Amino acid sequence: MITAAEEILSRLEEQHRATRDDLIALLRADEGDARALCAAADRARAAAVGDEIQLRALIEFSNHCRRNCLYCGLRRENRDLSRYRMTAEEIIAAARAAAALGYRTVVLQSGEDQHYEPDLLAAVLRTIKAHCDLAVTLSIGEREDGDYRRLREAGADRFLLRIETSSPDLYRTLHPDSDWHHRLGRIHSLRRLGYQVGSGVMIGLPGQTIEMLADDLLFLQALDLDMIGVGPFISNPATPLAGATGGTLELSLRFVACLRLLCPKALIPATSALGALHPIGREQALQTGADVLMPNATPVQYRERYQLYPGKICLGEEAAGCRQCVEAMVQGLGRTVGTGYGHSRKARATGAMVP
Ligand code: SAM
Ligand code: SF4
Ligand code: FES
């Protein structure tokens with residue numbers, strides 16, 4: 001006899017469709033059904049995107065932030081954090097070093113730091129694009145259209161902006177100084193401006209229910225994103241959410257598995273927060289639908305200060321060490337490192353944004 005979970009999974013594998021109730025059932029599944037879910041996601045990943053794992057070198061160039069997100073160690077009211085800003089030259093040098101290690105993408109990430117005016121960032125982007133064979137992703141938070149346009153014109157290929165939750169009500173409780181609808185509008189603007197766009201949510205946020213997570217899955221599918229990055233919320237003692245229960249590895253992996261089945265072609269990272277939660281959290285995500293890793297390439301002297309949450313991995317590791325580590329990880333899983341830019345599969349299909 002076919003069980004309810006088997007019926008849901010075969011529909012997901014064949015048609016990439018599920019109802020809210022289906023997803024709630026999968027997120028709550030018993031151990032046996034969860035194993036079947038993860039195996040189905042791994043098959044879907046192999047069929048839709050193959051065995052390559054795309055690497056993106058992460059450069060965390062400033063930990064200043066004008067916002068006060070309740071969960072994040074970079075929030076402006078965290079006075080215990082010693083703040084840093086990398087100079088344009090330091091950012092360019094880190095990107096060059098990443099290219100020399102074999103990366104074909106760098107992700108430039110920071111708090112929402114207005115110190116980096118569009119002119120400054122545009123100059124950094126132009127230099128990186130002129131001198132390194134790199135695709136560039138920005139993850140710098142919300143800006144106006146004019147800024148996004150300038151940065152796109154200066155060579156930025158992609159942008160990551162997590163919506164964090166699909167529930168405007170939950171969003172409001174966690175973000176005292178920002179608005180869910182405005183953030184969603186930024187995501188739509190980025191797409192209109194020709195960026196490859198990534199978004200995602202956190203799993204296990206205080207006040208978040210399984211029903212909300214099922215809504216998140218359907219919301220992310222409907223957004224039709226190029227990349228979807230999700231990870232567990234990890235409570236940071238230096239924030240108002242100190243002591244809150246965080247997301248679990250099990251629920252995060254189920255969520256990643258559902259995402260792959262709903263969005264077979266998407267780029268889905270095994271996020272560092274999963275690595276912080278469990279020594280082989282990233283490996284498990286890569287066997288549950290994920291196909292991207294974002295190793296750290298921030299100069300070592302700054303790493304400790306980019307503390308979104310405790311237990312962050314790779315704090316003492318040089319960029320070269322992380323590169324070796326992830327290559328060994330990929331090999332150990334019997335997969336291969338992608339040698340191209342790892343552009344959006346949607347873009348590749350149309351040829352629209354491939355340089
Ligand atoms: N400031 C930009 C923004 O918010 O879009 C980019 C950098 S921000 C540090 C990147 C992501 O870190 C956020 O989108 C959020 O999902 C994640 N993050 C922040 N605090 C976290 C925590 N305590 N646990 C897990 N993820 C966290
Ligand atoms: Fe700033 Fe981003 Fe952290 Fe919010 S999540 S406080 S915007 S760095
Ligand atoms: Fe940094 Fe493993 S990825 S040490």
Side-chain angles (χ1 to χ4, degrees), residues 55-78 81 83 101 107-114 116 137-143 159-165 171 174-178 183 186-187 190 197-206 216 228-242 244-247 252 269-277 279-283 293-298 300 303 305-330 332:
L55 302 185
R56 278 79 161 96
L58 178 65
I59 301 171
E60 299 154 330
F61 66 90
S62 161
N63 69 352
H64 286 258
C65 189
R66 65 175 172 166
R67 289 178 39 164
N68 235 345
C69 309
L70 259 56
Y71 43 80
C72 179
L74 306 195
R75 63 198 306 271
R76 70 167 184 273
E77 278 174 21
N78 180 8
L81 188 68
R83 305 279 173 169
L101 286 171
V107 180
L108 304 183
Q109 192 181 80
S110 67
E112 279 199 15
D113 185 358
Q114 301 307 102
Y116 296 89
T137 304
L138 294 176
S139 173
I140 58 171
E142 295 174 31
R143 300 256 181 151
F159 204 105
L160 304 179
L161 191 68
R162 284 186 177 175
I163 190 74
E164 317 293 1
T165 169
Y171 189 91
L174 299 167
H175 302 90
D177 48 8
S178 57
R183 195 162 178 90
R186 298 296 77 218
I187 291 172
L190 287 163
V197 179
S199 190
V201 299
M202 274 182 283
I203 294 158
L205 288 165
D216 287 350
I228 312 175
V230 300
F233 155 66
I234 300 175
S235 163
N236 185 329
T239 67
L241 298 183
T245 311
S252 304
T271 52
S272 304
L274 275 166
L277 214 56
I280 56 161
R282 288 181 300 173
E283 286 89 328
L293 279 167
M294 296 171 69
N296 205 316
T298 308
V300 148
R303 289 206 190 175
R305 292 191 259 167
Y306 203 84
Q307 284 274 16
L308 315 179
Y309 49 78
K312 209 163 157 251
I313 56 173
C314 311
L315 290 187
E317 207 64 45
E318 297 285 346
C322 286
R323 173 82 197 194
Q324 275 171 8
C325 169
V326 293
E327 281 188 12
M329 187 191 299
V330 169

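Ligands are counted one by one from 1 in listed order, and the atoms in each one are counted from 1 as well. Keep in mind it's a predicted model, so treat the numbers as computed, not measured.
- With hydrogens left out, the protein atom closest to atom 2 (Fe) of ligand 3 is C325 SG, 2.2 Å, a heavy atom.
- Tested against D177, the residues R66, R76, R75 include a single side chain to side chain donor-acceptor pair (under 3.5 Å) partner, R76.
- Put simply, atom 8 (S) of ligand 1 has no protein non-hydrogen atoms near it, under 4.0 Å away.
- Distance check, rounded to the nearest 0.5 Å: SG of C325 to CG of L293 gives 9.0 Å.
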Quiz item: For S62 and Y116, what are the C-alpha separation, side-chain angles and deciding distance, and is it a side chain to side chain contact (heavy atoms under 4.5 Å, CB included)?
Solution: CA-CA 9 Å; S62 161; Y116 296 89; 3.5 Å; yes

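- Of the heavy atoms in F159, none comes closer than 4.0 Å to ligand 1.
- If you look at Q109 next to ligand 1, the close heavy atoms, those under 4.0 Å, all belong to the side chain.
- Of all protein heavy atoms, the one closest to atom 8 (S) of ligand 2 is G111 CA, 3.6 Å.
- Within the structure, the closest approach of G231 to ligand 1 does not fall below 4.0 Å when heavy atoms are considered.
- D113 places none of its side-chain heavy atoms less than 4.5 Å from the side chain of N63.
- Two rings, from H175 and Y71, have their centers less than 6.0 Å apart.
- Below 4.0 Å from some heavy atom of E317 lie the following atoms of ligand 3, by number and element: 4 (S).
- Nearest protein heavy-atom neighbour of atom 17 (C) of ligand 1: R162 NH1, 3.9 Å.
- Checking I234, T165, V201 against atom 22 (C) of ligand 1, the nearest heavy atom belongs to I234.
- No part of N296 comes within 4.0 Å of ligand 3, judged by heavy-atom distances.
- A distance of 6.5 Å separates CG in L74 from CZ in R83, rounded to the nearest 0.5 Å.
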Self-check item: Step-by-step side chain to side chain contact (heavy atoms under 4.5 Å, CB included) determination, E164 to V201
Solution: CA-CA 4 Å; E164 317 293 1; V201 299; 5.8 Å; no

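- Using a 4.0 Å cut-off between a side-chain N of Lys or Arg and a carboxylate O of Asp or Glu, E112 and R143 do not qualify as a salt bridge.
- Contacts between C322 and ligand 3, counted as non-hydrogen atom pairs separated by less than 4.0 Å, involve both the backbone and the side chain.
- For ligand 1 and Y306, the ligand atoms under 4.0 Å from any heavy atom of the residue are 7 (C), 9 (C).
- Residues N78 and N68 are not in side-chain contact: their nearest non-hydrogen atoms beyond the backbone lie 4.5 Å or more apart.
- Atom-to-atom distance recorded for R186:CZ and I163:CD1 is 11.5 Å, nearest 0.5 angstrom.
- Between E327 and ligand 3 there is no heavy-atom distance shorter than 4.0 Å.
- Counting protein heavy atoms only, atom 4 (Fe) of ligand 2 is closest to C69 SG, 2.3 Å.
- Contacts between E142 and ligand 1 below 4.0 angstrom, taking non-hydrogen atoms only, are absent altogether.
- At the top of the distance list for atom 13 (C) of ligand 1, counting protein heavy atoms only, stands E164 OE2, 3.4 Å.
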Practice problem: Apply side chain to side chain contact (heavy atoms under 4.5 Å, CB included) to V107 and L160, showing your working. | Solution: CA-CA 9 Å; V107 180; L160 304 179; 4.2 Å; yes

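- Residue L308 touches ligand 1 through backbone and side chain together, judged by heavy-atom distances below 4.0 Å.
- By the definition of a contact as any protein heavy atom under 4.0 Å away, atom 2 (Fe) of ligand 2 is not in contact.
- When non-hydrogen atoms are compared, ligand 3 lies under 4.0 Å from neither the backbone nor the side chain of E318.
- With hydrogens left out, the protein atom closest to atom 20 (N) of ligand 1 is Y71 CD1, 3.3 Å, a heavy atom.
- Within the model, atoms CZ of R183 and OG1 of T165 stand 12.0 Å from one another, a figure rounded to the nearest 0.5 Å.
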Practice problem: Could you give me the CA-CA distance, side-chain angles and deciding distance for I313 and R282, then say whether side chain to side chain contact (heavy atoms under 4.5 Å, CB included) is met? | Solution: CA-CA 11 Å; I313 56 173; R282 288 181 300 173; 3.5 Å; yes

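- Ligand-side atoms of ligand 3 in range of V326: 3 (S), range being under 4.0 angstrom from any heavy atom.
- Residue-level proximity to ligand 1 for P232 is carried by the backbone, the only part with a heavy atom below 4.0 angstrom.
- Within the 4.0 Å heavy-atom criterion, the part of S110 lying near ligand 1 is the backbone and not the side chain.
- For the pair V230/I203, a side-chain contact is recorded, criterion being any heavy-atom separation below 4.5 Å from C-beta on.
- A salt bridge links E60 with K312: the closest approach of a Lys/Arg side-chain nitrogen to an acidic carboxylate oxygen falls below 4.0 angstrom.
- Here CG of L161 is found 5.0 Å from CD1 of I187. Values are rounded to the nearest 0.5 Å.
- Closest to atom 7 (S) of ligand 2, if we only count protein heavy atoms, is C65 SG, 3.6 Å.
- Ligand 1 places these atoms under 4.0 Å from at least one heavy atom of S139: 6 (C).
- Comparing heavy-atom distances from atom 3 (S) of ligand 3 across C314, A297, P295 singles out C314 as nearest.
- The option from Q307, R183, M202 that lies nearest to atom 3 (C) of ligand 1, judged by heavy atoms, is R183.
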